[in-house]
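Next up is a structure, given as structure tokens.
Values below: all heavy atoms of this structure, side chains included; hydrogens, waters and symmetry mates excluded. Below, chains carry the letters A, B, ... as their sequence lines are ordered, and counting in each starts from 1.
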There are 2 protein chains.
Amino acid sequence: MTEPASSAERPAPTRAQRHTRGPAPTLHDVAREAGVSLATASRVLNGSERKVAESFRERVEAAAAELGYTANVSAQATARGTSPVIALLVADIADPYFGLIASGVARGADEHGLVVTVAITDRDPARKARIVRALRGQRPRGLILAASGTQEPIEADVAHDLAEFSRLGGRVVAFGPGSGVERSIEIDNRSGAEALGRRMAERGYRSAIALGAAEGVWTSDDRLAGFRAGFEASGGAVVRTLRGGFLRESGAESMAAALADGVPTGTLVFAITDVVAIGAMSAIRDAGREIGADIAVCGFDDVPASSDVSPALTTVRVPLSEVGYQAFRATVDADWEQAPLPLDVVVRASTPGVPR
Amino acid sequence: MTEPASSAERPAPTRAQRHTRGPAPTLHDVAREAGVSLATASRVLNGSERKVAESFRERVEAAAAELGYTANVSAQATARGTSPVIALLVADIADPYFGLIASGVARGADEHGLVVTVAITDRDPARKARIVRALRGQRPRGLILAASGTQEPIEADVAHDLAEFSRLGGRVVAFGPGSGVERSIEIDNRSGAEALGRRMAERGYRSAIALGAAEGVWTSDDRLAGFRAGFEASGGAVVRTLRGGFLRESGAESMAAALADGVPTGTLVFAITDVVAIGAMSAIRDAGREIGADIAVCGFDDVPASSDVSPALTTVRVPLSEVGYQAFRATVDADWEQAPLPLDVVVRASTPGVPR
DNA sequence: TCCAAGTGCCCACGAAGAAGA
DNA sequence: CTCTTCTTCGTGGGCACTTGG
């Protein structure tokens, strides 16, 4: 290689404008500069089975370096018929839940030299439908639907697009069950919540208020049902279920409403999400009540913030980043099988337990 | 349109394999199906100034719908010479700081029908260099560097790639100063931290410990310098500066080290980031000390978690999502000027003040 | 190793039809 | 009724790259 040469002594200084304004150098430019054919240049610069003689390879590489050539990914994609991208659909990237998942996906993608594009649904089904449709145009290798869905018919058109998507060779991975989806990542929300419920009942709680999202949303339904099952099987009773969303504010509002109606000391609040639980905690505090001995709170996910609030939040640990990584693997591995995702109940100070 | 028709009675059932396995329908297919030329189909389906007669337009649209056609973005990109993507480079997408920025970027991109691809540097300069280089191949419309950089020479190669990037027509937007960058988003870290320092001194603090990142990292340097300036101008003294990183753990470790050496009651801890501050808080608590009256803590950013920890964290509010949105605008607006980004000190319970 | 035929799409141009004088 | 002048569609070349022969 002759790279340390200053730009003054180029082999063939025909194109003086090379290092000035202008379009990106193309493979064509490299080939001409190296005095080889397009095919040869292509083969040395981009992965190909066929080998090329060392002398040619060197010349091409030198020319590429000298010109500052970078392959045009779009062109490669159209020529190859497939593009090196994984599309990730989340409800809200600022939510730590999705942030952690995204980091896992990104890690995997990165290991495989793929890029990940992120789209945000904002929990709007119509928007989700639009995005999925638009994403089809990208012809990504894989599509990961992390935004939790509903079982409503509103998702029917999305299902169609997803089916179409995988028919075209893309792999669709969704969280939770879903139609038109080949592979799905199952977070065992039900069992996790059940274990939490049981554990809480064992700690002496007998009466609980549940904070969920709208009916029909998988994650919410499963966690709610699981918690109730575990809690009631061990002697507790879920006395009330409030419906809201997945936002912090939603938790605060629901909790405020509950408090307005009166919440006896010793009550346990279960929120479908740590974020919601944290919102509830702030409402409890705002109402002048105490978290813990007075009103206990538990959540789900174990996002980082949960161990930092105080009292620290009892929750169910979900290995979110790992979940994201697995979702990625599901999009690329031919023979993929979901590895078990252990969910552990982690008891912290927000549920000190009640003396019986 | 005759969409409610079941797939049984299609107008021209010539190609039986249409709805089975196979490649995506191309513009060619649509044109043939509609009995028009490629050009006409292209004009109606993809934005073009030129108009086409209503009758033709309808036929093309019907054909497209019937075939389930979606334009191949890669092909469009190579033909047009530009792709509809904005690349976003962050250090860690699971960090709320970047999560919020990303959400702002995504919002903007979405308004303009652009997709955003996210790449993670993990705060590794070499990795950052690799990514920037790889991203060049994507020929994105814009490149947003949110990962905070250093002034070290290690960034030189990145600078070259960035310059090359913008020479090719892409717009590079970076946070903070940077070479090879056309536009930059300036968060006035220095002034914000200075205001915080002043305010803290006014509340009676006289001695502070600062928790920063490695020397040479812009954000860290600016915040540290600003805080010191404000705090000392109003009568305080920064007695020690510990170097770590931007992670929660880093804050915990640095603080633990400080505590091991002894930290007098009434000391204020300033962390360059809320996340770091929260880590410090946990270390303080672990050491059996009290946050607030004993050791006060303040941070920077005002991420959501800061108002949920308790005592709630005093900090400087940075409108992160708005910052992200602006960064996006900077990549697309021809005549862009940074709108002022107000930074406000928000005092909370973690700095109750000391009686003088 | 090179040639040439793709990959799916865009767009400048020329031609044909309709409308107006 | 003929000769412009628009309007609008189709032809062909091109984009940057891949791949079988």
Side-chain angles (χ1 to χ4, degrees), chain A residues 22-61 63-64 67-85 136-141 168-170, chain B residues 22-61 63-64 67-85 134 136-140 168-170:
Chain A
T26 75
L27 189 59
H28 217 101
D29 299 330
V30 176
R32 190 170 16 67
E33 178 87 15
V36 301
S37 79
L38 254 177
T40 307
S42 170
R43 292 199 246 265
V44 10
L45 293 179
N46 311 317
S48 172
E49 321 276 83
R50 322 219 336 204
K51 353 180 160 175
V52 327
E54 199 51 35
S55 63
F56 281 73
R57 145 160 285 120
E58 278 171 11
R59 283 168 49 198
V60 172
E61 277 169 351
L67 257 37
Y69 170 77
T70 318
N72 182 322
V73 174
S74 294
Q76 289 190 144
T78 88
R80 296 208 248 249
T82 169
S83 68
V85 0
R136 267 186 55 196
Q138 297 254 87
R139 307 276 190 278
R141 278 246 230 303
L168 267 41
Chain B
T26 76
L27 189 59
H28 218 100
D29 299 331
V30 175
R32 191 169 15 66
E33 177 88 15
V36 301
S37 79
L38 254 176
T40 307
S42 171
R43 289 196 259 263
V44 6
L45 293 178
N46 312 316
S48 172
E49 322 275 81
R50 327 264 287 247
K51 358 178 158 174
V52 347
E54 199 51 34
S55 63
F56 280 74
R57 145 160 285 120
E58 279 169 9
R59 281 169 50 198
V60 172
E61 277 169 351
L67 257 37
Y69 169 77
T70 318
N72 182 323
V73 176
S74 294
Q76 288 189 143
T78 86
R80 294 207 248 250
T82 169
S83 69
V85 1
R136 268 185 55 195
Q138 297 257 95
R139 308 275 191 278
L168 268 39

*Report yes if a side-chain nitrogen or oxygen of B:Thr78 is closer than 4.0 Å to either non-bridging phosphate oxygen (OP1 or OP2) of D:dC15; otherwise report no.*
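Answer no for this pair, as no side-chain N or O of B:Thr78 is under 4.0 Å from OP1 or OP2.
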Polar pairs (N or O, both sides) under 3.5 Å between protein and nucleotides 13-15 of chain C?
{"residue": "C:dC13", "atom": "N4", "partner": "B:Arg50", "partner atom": "NH2", "Å": "2.6"}

*Within this structure, what is the CG-to-C1' distance between A:Leu38 and C:dA4, rounded to whole angstrom?*
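Checked: the CG to C1' distance equals 11 Å.
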*asked:* Nearest whole Å is fine: how far is C:dG8 P from B:Arg32 CZ?
replied: 12 Å
*Looking for any heavy atom pair under 4.0 Å, which part of the strands does A:Ala77 touch: base, sugar-phosphate only, or nothing?*
nothing
*Counting just side-chain N and O atoms, does B:Asn46 come under 4.0 Å of either OP1 or OP2 of C:dC10?*
yes
*Figure out the CG/C1' separation between B:Leu67 and C:dG8, and round it to whole Å.*
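The distance from CG of B:Leu67 to C1' of C:dG8 comes to 15 Å, rounded to the nearest Å.
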*Taking all heavy atoms of B:Ala41 and all of B:Val60, pick out the closest pair and write down the distance.*
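Shortest heavy-atom separation between B:Ala41 and B:Val60 comes out as CA-CG1, 4.0 Å.
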*asked:* Whole angstroms only, please: what is the OH-C1' distance between B:Tyr69 and C:dG8?
replied: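 Distance check: B:Tyr69 OH to C:dG8 C1' gives 8 Å.
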*With nearest nucleotides of DNA chain D determined for B:Lys51 and A:Ala75 from heavy-atom distances, which residue corresponds to the more 5′ nucleotide?*
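Nearest-nucleotide comparison on DNA chain D picks B:Lys51.
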*Which nucleotide, D:dC9, C:dT1, D:dT18, lies nearest any side-chain atom of A:Thr40?*
C:dT1
*Value in whole Å for how far the P atom of D:dC15 lies from CZ of B:Arg139*: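 Roughly 14 Å, once rounded to whole Å.
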*Can you check whether A:Ser37 has a side-chain N or O nearer than 4.0 Å to OP1 or OP2 of C:dT1?*
no
*About how many Å separate CD of A:Gln76 and CG of A:Asn72, when rounded to the nearest 0.5 Å?*
7.5 Å
*Heavy-atom distance under 4.5 Å between the side chains of A:His28 and A:Leu38, does that happen here?*
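Side-chain contact under 4.5 Å: yes.
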*Does any donor atom in the side chain of A:Arg141 or A:Thr82 lie under 3.5 Å from an acceptor atom in the other side chain?*
yes
*Could you walk me through whether A:Tyr69 and A:Asp29 pass the side-chain contact (heavy atoms from CB on, under 4.5 Å) check?*
CA-CA 9 Å; A:Tyr69 170 77; A:Asp29 299 330; over 6 Å; no
*Atom CG of B:Asn46 and atom CZ of B:Arg80: how far apart are they, to the nearest 0.5 Å?*
6.0 Å
*Among D:dC15, D:dG10, D:dT18, which is the nearest nucleotide to the side chain of B:Phe56?*
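Selected nucleotide: D:dG10.
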*Is the shortest side-chain N/O distance from A:Gln76 to OP1 or OP2 of D:dT18 below 4.0 Å?*
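Yes, because at least one side-chain N or O of A:Gln76 sits under 4.0 Å from OP1 or OP2 of D:dT18.
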*asked:* Just the rounded figure in Å: distance from P of D:dT11 to NE2 of B:His28.
replied: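 B:His28 atom NE2 is separated from D:dT11 atom P by 10 Å.
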_Distance check needed: C:dG8 P versus A:Gln138 CD, whole Å only._
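Distance check: A:Gln138 CD to C:dG8 P gives 17 Å.
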*Heavy atoms, side chains only, cut-off 4.5 Å: are A:Leu67 and A:Glu33 in contact?*
yes
*asked:* Looking at A:Asn72, I'd like to know whether one of its side-chain N or O atoms comes within less than 4.0 Å of OP1 or OP2 on D:dC15.
replied: no
*Side-chain donor/acceptor of A:Ser83 to backbone N/O of A:Ser74, under 3.5 Å*: no
*Using a heavy-atom cut-off of under 4.0 Å over every strand shown, decide if A:Ala53 touches base, sugar-phosphate, or nothing.*
sugar-phosphate
*Which nucleotide, C:dT1, D:dG10, C:dC10, lies nearest any side-chain atom of B:Leu27?*
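Nearest to the side-chain atoms of B:Leu27, counting from C-beta on, is C:dC10.
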